[in-house]
Amino acid sequence: MNRIKTIVLLLALIVIMPSLLFAQERAYQITDDVVVPHTSVKNQSRSGTCWCFAGIGMVEAEILRKYNVEVDLSEMYLVRWAYANKFEKYVRMQGTCNFSPGGEVFDVLYAINENGMMTEETYNGLVLGEGIHNHGELHSVLAEYGKIVNKQHNGKISKAWPAMVQSVLDVYLGTTPETFEFEGSQYDAKSFAEKYPININDYVQIGAFTNHENYKPYIMPIQDNWTNTLTYNMTLDELMNELDNALNNGYTVGWAQDVSDKGFSRDAGVGVVLENDIEKIRQSDPKKYKKMSDDEIRASLYKFETVMPEKEVTEDMHQEAYENGQTTDDHSMLIVGIAHDQQGNKYYKVKNSWSANYGYDGYWYCSEPYVRLHTMFFTVNKEGLTSDIKNKLELK
């Protein structure tokens with residue numbers, strides 16, 4: 001019996017030791033300072049719908065803040081709204097605009113305002129027998145059909161396309177129920193949205209680019225801004241101050257940013273902008289780097305084996321990164337808190353939509369320099385802004 005117990009114990013250790021070692025080997029020891037109440041991490045899987053997961057996360061957090069109710073809302077109900085509206089725009093513009101799965105956090109507010117919302121339990125968009133979202137075929141079908149419609153084979157745009165688009169969405173995402181039950185009561189999508197009202201006029205996009213006039217709205221010229229939502233401009237320092245103010249006052253912040261940078265690590269769960277000036281690296285910790293050659297220091301960059309010094313990101317660097325394509329709008333996430341590492345460096349806690357299997361159980365910690373460099377814009381409740389900025393932007 002003792003021998004059997006020993007074997008069982010050894011087998012258990014074999015199973016759990018890798019995870020224990022991984023936890024111990026994390027170079028970045030992060031401590032949360034501020035965490036705004038929010039809902040759990042979800043998984044967009046193989047769909048280009050990060051915008052919806054980030055936006056739904058923000059709305060769920062707002063419902064939690066305003067009504068003290070935790071609800072799991074359906075992303076796919078709003079995704080199908082977006083696809084139908086994008087398709088219509090693609091047809092009306094005769095194929096000269098972008099038609100893609102992408103979008104922005106603000107699109108969720110448009111969708112709820114126009115079409116209501118429903119729970120994930122009611123409509124999960126998984127009807128093809130798969131347990132994950134996989135929209136490659138769905139998008140290909142709609143994209144090709146859009147080209148067919150725009151060819152006007154009958155000498156004009158056929159009236160058949162709206163029904164055809166809805167049929168495709170029904171096949172791939174499922175038909176939408178007219179009513180559903182929540183906590184013992186019956187609702188449709190619009191009455192459910194009325195139960196927990198989220199006023200679209202309470203929210204705003206804010207950014208910081210030097211090629212736009214400060215404190216004035218502009219349309220960010222990026223592909224996924226298909227709704228032409230206005231962004232209000234300010235200095236980069238002001239933008240970061242508004243981010244802190246919102247988080248410190250209990251508001252989550254939708255974040256449009258770039259994650260293609262080598263400093264954004266899926267495994268390490270951090271986003272950093274490391275200093276590449278060898279002399280500055282040596283000066284940051286002379287004892288640590290005393291015995292390392294220049295080549296060894298260069299080789300250690302972005303291995304995420306130790307906390308290394310980061311660049312000081314200026315407004316000009318942020319602008320240049322946008323203009324040269326280093327900073328693009330390739331992902332959306334939800335910023336839910338502020339944190340620091342073992343050296344006192346500041347980070348932002350970010351809720352991602354790649355499941356809980358990556359990063360820090362589905363969360364990333366992006367350093368202040370990373371956020372300064374790679375932010376396109378934030379989506380935030382106006383009440384989370386400082387009175388100074390609201391006055392400068394002339395927001396009511």
Could you verify whether a donor N or O on one side chain and an acceptor N or O on the other, from [X] and [Y], lie under 3.5 Å apart?
X: Y187; Y: K195; value: yes
X: Q326; Y: D258; value: no
X: E315; Y: Q319; value: no
X: N381; Y: D202; value: no
X: E137; Y: Y172; value: yes
X: N248; Y: D244; value: no
X: E242; Y: T386; value: yes

Quiz prompt | Stepwise ring pair (Phe, Tyr, Trp, His ring centres under 6.0 Å) test for Y360 and Y365 | solution = CA-CA 8 Å; Y360 289 75; Y365 287 96; 5.1 Å; yes
Quick one: does [X]'s side chain have a donor or acceptor within less than 3.5 Å of a partner on [Y]'s backbone?
X: N225; Y: M220; result: yes
X: E310; Y: V273; result: yes
X: Y302; Y: L274; result: yes
X: E320; Y: M317; result: no
X: S300; Y: I297; result: yes
X: S100; Y: G102; result: yes
X: H38; Y: T252; result: no
X: K392; Y: K216; result: no
X: E238; Y: T235; result: yes
X: K351; Y: A54; result: no

Give the minimum heavy-atom separation between [X] and [Y], together with the two atoms involved.
X: T231; Y: I206; answer: CG2-C, 3.7 Å
X: V307; Y: Q342; answer: CG2-NE2, 3.6 Å
X: A193; Y: I112; answer: CB-CG2, 4.2 Å
X: L385; Y: K390; answer: O-CE, 3.6 Å
X: Q205; Y: T379; answer: CG-OG1, 3.6 Å
X: V313; Y: R372; answer: O-NE, 2.9 Å

Charged N to carboxylate O below 4.0 Å: is that the case for [X] and [Y]?
X: K86; Y: D107; value: no
X: E120; Y: K42; value: no
X: E62; Y: R65; value: yes
X: R282; Y: D294; value: yes
X: R80; Y: D170; value: yes

Are there over 12 heavy-atom neighbours, none belonging to [X], within less than 6.0 Å of that residue's [atom1]?
X: E181; atom1: CD; result: yes
X: E114; atom1: CD; result: yes
X: E323; atom1: CD; result: yes

Let me check something: do [X] and [Y] share a hydrophobic cluster, defined by ILVMFWY side-chain heavy atoms less than 4.5 Å apart, either directly or through other members?
X: V35; Y: L334; result: no
X: W81; Y: M58; result: yes
X: F377; Y: I389; result: no
X: V165; Y: V171; result: yes
X: Y218; Y: I222; result: yes

Within the 4.5 Å heavy-atom criterion, are [X] and [Y] side-chain neighbours or not?
X: N276; Y: K311; value: yes
X: T49; Y: W51; value: yes
X: M118; Y: P177; value: yes
X: M376; Y: Q257; value: no
X: L109; Y: I198; value: yes

Can you tell me how far apart [atom1] ([X]) and [atom2] ([Y]) are? Round to the nearest 0.5 Å.
X: H139; Y: N134; atom1: NE2; atom2: CG; answer: 13.0 Å
X: M234; Y: N241; atom1: CE; atom2: CG; answer: 9.5 Å
X: L169; Y: L142; atom1: CG; atom2: CG; answer: 5.5 Å
X: H318; Y: L236; atom1: NE2; atom2: CG; answer: 5.5 Å
X: Y289; Y: M308; atom1: OH; atom2: CE; answer: 3.5 Å
X: L128; Y: I132; atom1: CG; atom2: CD1; answer: 11.5 Å

Tell me if the aromatic rings of [X] and [Y] count as close, with their centers under 6.0 Å from one another.
X: Y215; Y: Y232; result: no
X: F87; Y: Y83; result: no
X: Y370; Y: Y348; result: no
X: W255; Y: W364; result: no

Self-check item: Worked verdict on F106 versus Y110 for ring pair (Phe, Tyr, Trp, His ring centres under 6.0 Å)
Solution: CA-CA 7 Å; F106 220 94; Y110 289 126; 5.3 Å; yes
Quiz item: Relative to Y358, does R266 satisfy both conditions: NZ or CZ under 6.0 angstrom from the six-membered ring centre, and within 45 degrees of the ring's axis?
Solution: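 Yes, a cation-pi geometry.
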Quiz item: When you measure from the centre of the six-membered ring of Y363, is the NZ or CZ of K349 under 6.0 Å away and within 45° of the axis?
Solution: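 Yes, a cation-pi geometry holds between K349 and Y363.
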Quiz item: Which residues pass the side-chain hydrogen bond (donor to acceptor under 3.5 Å, both in side chains) test with Y77, sequence neighbours left out?
Solution: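 Y77: side-chain hydrogen bond (donor to acceptor under 3.5 Å, both in side chains) contacts with N115.
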Practice problem: Evaluate ring pair (Phe, Tyr, Trp, His ring centres under 6.0 Å) for H331 paired with F264, printing each intermediate quantity in order. | Solution: CA-CA 12 Å; H331 196 39; F264 191 90; 7.2 Å; no
Quiz item: Given H374 and D261, is the side-chain hydrogen bond (donor to acceptor under 3.5 Å, both in side chains) satisfied, shown in steps?
Solution: CA-CA 9 Å; H374 290 303; D261 188 279; 3.1 Å; yes
Ignoring hydrogens and angles, write down the donor-acceptor pairs under 3.5 Å from the side chains of residues 151-161, residues two or more places apart or on other chains.
unit_1: S158; atom_1: OG; unit_2: A160; atom_2: N; d: 3.0

Exercise. Decide side-chain hydrogen bond (donor to acceptor under 3.5 Å, both in side chains) for H340 and N345; before the verdict, give the C-alpha distance in whole Å, the side-chain angles of both, and the deciding distance to 0.1 Å.
Key: CA-CA 5 Å; H340 68 274; N345 301 309; over 6 Å; no
